[in-house]
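Please read the structure below before turning to the comments.
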Amino acid sequence: KFMSEEKRDIEYILVDKKNLINNFIPTENEVKEYYNNNSDIYYVNEQRDFLQFNFKTNNEAEKFKKIIENFKTYKEIKSYADINNIEYNIFKNLSHNEVLEEISQYIFTLNINEQSPIIKTPIAYHIVILKNINPEKKLSFKESEIEIIKTISNNDVDNFLIDLENNISQDILESLTLRDIAKKNGLKVSFINNISI
């Protein structure tokens, strides 16, 4: 004897933050006011550009250090490494907290074109040559604008969703139907028909 599987229809309300965000774009005046009231947080820390050589042993690092110790510039060292197929990494715009502590303590004391001593870390022996220093700076309004718009929009949507949740909870306590709740709050009821377990 075959029995048909029980099926049900479902009504639901889907509230997706991504679909709401465009309703909460702040005005230019709101963005400017936010920037003016919070300008102290719109700073970029000092950042540095550097060339980093990594060696498996201290002996390898010492040999390379001896070769480059009389080179005067970043370009000379990079050129020597390129000609001799010596691998290196180039890092740009890194701040103090974006680099291993053992390495950053040297990088942020070097002058442009200066070489670090051999730096030992748990993963290798390193030599760093500083290419450039980008000093700490306060971001302009234009540089901060997109981030501020995102911040304000996200905060406003989050507040809206908290209020909406509280309102819907109250509506449920007052025995409103799903359709009444949707109508009252400007939401859309969606349907799934004939679903089984």
Side-chain angles (χ1 to χ4, degrees), residues 5-50 52 89-109 121-123 128 130-197:
E5 197 171 11
E6 179 182 322
K7 295 189 175 177
R8 298 196 177 194
D9 298 338
I10 294 178
E11 293 181 341
Y12 65 96
I13 297 171
L14 177 64
V15 181
D16 188 342
K17 183 175 178 176
K18 287 182 276 184
N19 296 334
L20 295 170
I21 205 87
N22 288 334
N23 299 334
F24 291 89
I25 303 297
T27 65
E28 188 173 343
N29 283 340
E30 288 174 315
V31 176
K32 281 182 180 170
E33 184 180 346
Y34 188 95
Y35 175 77
N36 291 332
N37 291 338
N38 299 284
S39 61
D40 57 320
I41 63 174
Y42 290 99
Y43 276 88
V44 174
N45 291 328
E46 178 184 304
Q47 297 175 325
R48 297 201 166 197
D49 305 342
F50 57 94
Q52 180 175 310
N89 299 101
I90 296 176
F91 295 97
K92 292 184 178 182
N93 298 323
L94 292 185
S95 57
H96 195 282
N97 61 353
E98 294 176 303
V99 184
L100 276 172
E101 179 59 35
E102 298 95 332
I103 297 175
S104 71
Q105 67 184 349
Y106 287 99
I107 291 170
F108 285 83
T109 60
T121 70
I123 53 175
V128 172
L130 189 65
K131 180 183 182 186
N132 192 34
I133 298 171
N134 306 302
E136 177 184 79
K137 69 171 187 167
K138 180 179 176 181
L139 295 173
S140 69
F141 172 73
K142 276 289 165 209
E143 291 171 310
S144 310
E145 188 175 14
I146 291 171
E147 194 57 40
I148 293 171
I149 289 169
K150 283 183 192 171
T151 299
I152 294 173
S153 297
N154 276 312
N155 286 343
D156 287 352
V157 171
D158 288 344
N159 290 335
F160 170 79
L161 290 172
I162 289 167
D163 289 343
L164 181 63
E165 185 178 1
N166 291 335
N167 291 339
I168 289 174
S169 295
Q170 187 59 42
D171 292 341
I172 291 168
L173 289 174
E174 293 173 8
S175 301
L176 267 66
T177 66
L178 190 68
R179 288 172 192 244
D180 290 338
I181 291 171
K183 187 175 180 182
K184 180 181 172 189
N185 293 287
L187 302 169
K188 179 184 165 193
V189 176
S190 297
F191 306 91
I192 302 176
N193 295 324
N194 294 321
I195 65 163
S196 64
I197 199 165

When you compare the side chain of Asp9 with that of Asn194, does any pair of heavy atoms fall below 4.5 Å? yes
Taking the side chain as C-beta and beyond, is there a heavy-atom pair between Arg48 and Ser104 under 4.5 Å? no
Indicate yes or no for a side-chain donor-acceptor contact from Ser196 to the backbone of Lys7 under 3.5 Å, with no hydrogens or angles considered. no
To the nearest 0.5 Å, how far apart are CZ in Phe50 and CG in Asn132? 12.5 Å
Find the distance between CG (Asp171) and NZ (Lys183) and round it off to the nearest 0.5 Å. 13.5 Å
Value for CG (Asp49) from CG (Leu94), rounded to nearest 0.5 Å, stands at 8.0 Å
Can you measure from CD1 (Ile133) to CZ (Phe108) and round to the nearest 0.5 angstrom? 9.0 Å
Show the nearest heavy-atom pair for residues Gln105 and Glu102, with the distance to one decimal. CG-O, 3.4 Å
Within the structure provided, determine whether Lys131 and Ile90 are in side-chain contact (heavy-atom separation under 4.5 Å). no
Does CD belonging to Glu165 count more than 12 external heavy atoms closer than 6.0 Å? no
Could you tell me the separation between the CD1 atom of Ile172 and the CG atom of Asp180, rounded to the nearest 0.5 Å? 12.0 Å
Specify the closest pair of heavy atoms between Lys184 and Leu176, including all atoms of both residues, with the distance to one decimal. CD-CD2, 4.2 Å
Any side-chain heavy-atom pair of Ile123 and Leu100 under 4.5 Å: yes
Can any side-chain N or O of Asn45 pair as donor or acceptor with the backbone N or O of Glu136 at less than 3.5 Å? no
Aromatic rings Tyr42 and Tyr34: how do their planes relate, parallel, tilted or perpendicular, breaks at 30° and 60°? perpendicular
Looking only at atom types and distance, does a side-chain atom of Asp16 sit under 3.5 Å from a main-chain N or O of Lys18, one as donor and one as acceptor? yes
Could you report the tightest heavy-atom contact between Arg179 and Val189, atom names first, then the distance? CA-CG2, 4.2 Å
Carboxylate-amine/guanidinium proximity below 4.0 Å for Glu143 and Lys137: yes
Would you say Ile13 and Ile168 make side-chain contact, with heavy atoms under 4.5 Å? no
Is the shortest side-chain heavy-atom distance between Thr121 and Glu101 below 4.5 Å? no
What residues form a ring pair (Phe, Tyr, Trp, His ring centres under 6.0 Å) with Tyr35, not counting sequence neighbours? Phe141
Nearest-0.5 Å distance, CG of residue Leu161 to CG of residue Asn166: 11.0 Å
Could you give me the CA-CA distance, side-chain angles and deciding distance for Asn19 and Leu14, then say whether side-chain contact (heavy atoms from CB on, under 4.5 Å) is met? CA-CA 10 Å; Asn19 296 334; Leu14 177 64; 5.8 Å; no
Has Ile146 got more than 12 heavy atoms of other residues, nucleotides or ligands less than 6.0 Å from its CD1? no
